[in-house]
J.: 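Questions regarding the structure given below will be posed in turn.
Predicted model, so just to flag it, every value in this text is computed and none were measured.
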Amino acid sequence: MVIEFKSKPSILANGAVAGPLEKKSVFYSYFDSIVEDERWNEKTNEQGHSTMILDACDIVMKKANIKNLDVDFFLSGDLVNQMTPSNFAARELAISFIGLFSACATSVSSVIIASLLTELGASQLAIAGAASQHNAIEKQFRYPNYYGAKKPATAQWTVTAAGYALVGKHNPEYPSIVAATVGKVVDYGDTNPFHMGGAMAPAAYDTIVAHLKKRNQKFQDYDLIMTGDLGKIGLKILKAMFAQAGVTPEELQLLRDAGAEFYGEDQAFQAGASGAGCSAAVYFSYIIQQLKSGRFKRVLLCATGALLSPLSFQQGESIPCTAHAIELTME
Amino acid sequence: MKKMAFFFFVPLLLTGCSGNEKTIEVYDVLDDAQKRVEVREVLDSNEDVYSGTAIFVDQQLLVAVQAKPWLDYKKEKIEKELTKQFEERFTEFDVLVSADYKLFWEANKLMEEKDQQKVNDKVKKLKELEKEET
Amino acid sequence: MEQEQYKNLEQQITPPTPYMKNALIAFFVGGIICTIGHAITYFYIIFFDFTEKTVGNPTVSTMIFLSMLLTGFGLYKKLGQFAGAGSAVPVTGFGNAVISAAIEHRTEGVVLGIGGNIFKLAGSVILFGVASAFFVALIKLILVTIGVVQW
Amino acid sequence: MIFIDFLLAFVIGGFICLIGQLIMDFGKLTPGHTLSILVVAGAILSGLGLYQPLIDLAGAGATIPITSFGHSLTQGAIAEAQKHGWVGVLTGMFEVTSSGISAAIVFGFIAAFIFKPKGKAN
């Protein structure tokens, strides 16, 4: 389902924070702050996760020179059970809050909801975004952090990062959200939790095709189409899908993936980065800055999410995936 | 796979090189030459064993042997055979044959021991150890 | 795109599992771990009152102690990523499964966290070990009773 | 001779791990599945009387891999069955232990109070 925003809500401020390991990220210099302790000096990983979200929101509010009372809505999500890190951060922020779960696509789905609230006139200022903390997610979805299991080359590394954006009324000096696509849930029967890119690629394909079709656009209409966390192999698969559909290699150069690029060519991270914080931190730092600087005029951000749980996987269910997209422009 | 094959063949090659030089030692307070010869006879006739130490003390005979490592899997069989042979030859002794490295190691340490009582105690202790199960 | 078509495409692009390399690495790392264990075996035989029959227990315990140190400093995880079954199959891997779960769930409390999750990964090994021991012993007893085999 | 002894430990221990890796890769199984299969295999070999000779041959090469778990548990159960017959098979289950399990519990408990997990990639 494609939504076109007549009021063109703008992203008035953005903030991205990351953990110590993310110094290895190629996007490192775009992040607002790096914290040396992956637990944000808290006792548990989950508390650290929550503090990280607060940290990112504080940066957003500081940049916009506002206080939490000025913000109407807080829309956030993460991957921990029942999204407690977001819930606890919302408790501290004391802003009207809706928790969202679209797995790693939450970075975009939250901005879509914020834009809708803005368009509706219900919200003057809303903070939207997502976060993930490696240890907490690894523990929940895979093995204990110190368990020595061989992960295949298709495995991805959950990042410790948070990215948040302040969505408000249209302002020509800032990047604006002109359209969005809420993705369907696509399931091609993949069951391997160490090959998320392969499971998510069809969802990204589905959403991008739907968006371009409804908006009557082509690849060349964009400076960049960036998916969330397909990883190196997932991105290759997505490109192959588009190539089969007749997209030329030159056009495919416009297609990039935040997860595939996040850690550069470092082999230790296998197929690249993943996690709700991966797309959020890249979108709400690097992409927004590139838009503001005028290097990009129009971008399509398509965050992908694998909607599985350890339980569903163990019960033999396949991995349903979704992808949400927003189209950002800079005048 | 080549590397693996290499590792499987090395033991086979070494089998050919190891020769027949058995190290056989006998501890006997009475220093009876006849006993030495008999122990040597029994151990020499056994192809599976490459080293052995026999201790005669106070009506007890402890024979600690070491089977060739690649034949270790039939340790129990080797022990049984040797026990039978030693019991036939030394009817007046209480015989224990063991292929356990612990007994071999301790038995060799006793070779230099002069105090007969100490040897006696040690042999008794080793016999107890041998009976222990996990 | 149809599901089957997609599966083909996905399979083409996904790098194949390096069976040979994985197996060789597992062989060497597993072999080295066992060789270290073997050295410990001789250590206990020579310096303590253990025979080849009884030395298994102290050896295994020592190996698990080493596994605790490697796990706690995050080294076993790296070894596991490199060696696969080579570090998972030796008893140190069992120790790693138990110890890493205990460390991970400490924040949830001693009883519910450590107590409830310590066998999260290794529980299946214990289950199948004990259950198969039971059935094997039972079958053997039946066979002995009807006179097919002897103890 | 001692060299060959160590070599046997290396080769046989490594070989069991190699089989584990093949089960894991070709069967597309998790480590948990693989280890469970190996433990059951160890118990069956033990019941057939083949695992003790393997230990005699390879020493730690056979006692260190997880298959020895199945062996020691089975030997415990069989010993009880031998002593007490039918009742023994059941009561044997309460008597058998494996040093690996106890050691892992104790060291795991201690480690939980010493170490904190960190996410390191390399």
Side-chain angles (χ1 to χ4, degrees), chain C residues 17 19 22-23 26-35 37-38 40-41 52 56-57 59-61 63-65 68 71-72 74 77-78 84-86 88-91 93-95 98-99 101-104 106 114 118 121-122 124-126 128-130 132-134 136-141 151, chain D residues 6 9-11 13-18 20-22 24-26 31-32 34-36 38-40 43-44 46-47 59-61 63-66 69-70 73-74 76-78 81-82 85-86 89 92-93 96 99-101 103-105 107-118 120 122:
Chain C
T17 312
Y19 296 109
N22 283 358
F27 176 77
F28 277 100
V29 176
I32 287 166
I33 292 174
C34 291
T35 311
H38 208 56
I40 293 172
T41 298
E52 281 182 43
N57 285 347
T59 306
V60 164
S61 307
M63 290 301 277
I64 290 182
F65 176 74
M68 174 184 86
T71 303
K77 175 200 174 109
K78 288 177 198 170
V89 170
V91 77
F94 175 81
V98 172
I99 294 159
I103 294 174
E104 190 69 58
R106 167 72 185 89
I114 303 177
I118 194 163
L121 295 167
S124 63
V125 171
I126 298 174
F128 283 103
V130 173
S132 59
F134 172 77
V136 168
L138 190 68
I139 290 166
K140 193 142 191 190
L141 181 64
W151 286 115
Chain D
F6 272 89
F10 176 84
V11 170
F15 188 68
I16 297 173
C17 295
L18 181 142
Q21 186 69 49
L22 293 179
M24 209 186 285
D25 280 350
F26 281 101
T34 310
L35 297 187
S36 301
L38 287 176
V39 165
V40 174
I44 292 171
S46 178
T63 56
I64 294 294
I66 201 78
F69 249 55
L73 292 169
T74 304
I78 286 180
Q82 214 170 342
W86 295 99
V89 178
M93 287 289 82
V96 295
S99 56
I101 297 174
I105 293 174
F107 292 133
F109 193 64
I110 295 169
F113 291 94
I114 305 175
F115 300 106
K116 266 194 168 187
K118 278 190 182 144
K120 287 184 206 154
N122 51 3

J.: Using side-chain heavy atoms (C-beta onward) and a distance below 4.5 Å, is D/Ile101 in contact with C/Phe94?
T.: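 In contact.
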J.: So which atom in D/Ala104 and which in C/Gly95 form the shortest heavy-atom distance, rounded to 0.1 Å?
T.: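 For D/Ala104 and C/Gly95, the tightest heavy-atom pair comes out as CB-CA, 4.3 Å.
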J.: To the nearest 0.5 Å, tell me how far D/Phe115 CZ sits from C/Ile99 CD1.
T.: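 One finds 9.0 Å between CZ of D/Phe115 and CD1 of C/Ile99.
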J.: My understanding is that only one of D/Thr74, D/Val39, D/Leu73 makes a side chain to side chain contact (heavy atoms under 4.5 Å, CB included) with C/Val130; could you say which?
T.: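 So the option named by the test is D/Leu73.
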J.: Name all residues meeting the salt bridge (charged side-chain N to carboxylate O under 4.0 Å, His left out) criterion together with C/Glu104; count only those two or more places apart in sequence or in a different chain, and write none if there are none.
T.: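 Residues passing salt bridge (charged side-chain N to carboxylate O under 4.0 Å, His left out) with C/Glu104: none at all.
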J.: How would you list, by chain and number, every residue that makes a side-chain contact (heavy atoms from CB on, under 4.5 Å) with C/Ile118, sequence neighbours excluded?
T.: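 With neighbours one apart ignored, the set is C/Val98, C/Ala102, C/Ile114.
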J.: Determine the minimum heavy-atom distance between D/Ile64 and C/Met63, stating which atoms define it.
T.: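 Closest approach of D/Ile64 to C/Met63: CD1-CG, 3.5 Å.
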J.: To the nearest 0.5 Å, what is the distance between CD1 on D/Ile16 and CZ on C/Phe27?
T.: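 With rounding to 0.5 Å, CD1 (D/Ile16) is 11.0 Å from CZ (C/Phe27).
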J.: Against chain D, label C/Thr41 side chain, backbone, both or neither, depending on which of its atoms sit under 4.5 Å from a heavy atom there.
T.: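 Interface part for C/Thr41: side chain.
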J.: Say you draw a straight line from CZ of D/Phe113 to CD1 of C/Ile103; how long is it, rounded to the nearest 0.5 Å?
T.: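 Going from CZ on D/Phe113 over to CD1 on C/Ile103, the span is 11.5 Å.
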J.: Write down the atom of C/Ser124, the atom of D/Gly32, and the distance for their closest heavy-atom approach.
T.: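 The answer is OG-O, 3.9 Å.
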J.: Hey, what do you get for CG (C/Leu138) to CD1 (D/Ile78), rounding to the nearest 0.5 Å?
T.: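 Reported value, rounded in 0.5 Å steps: 11.0 Å.
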J.: Hey, what do you get for CE (C/Met68) to CD1 (D/Ile110), rounding to the nearest 0.5 Å?
T.: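 Output value for this atom pair is 6.0 Å.
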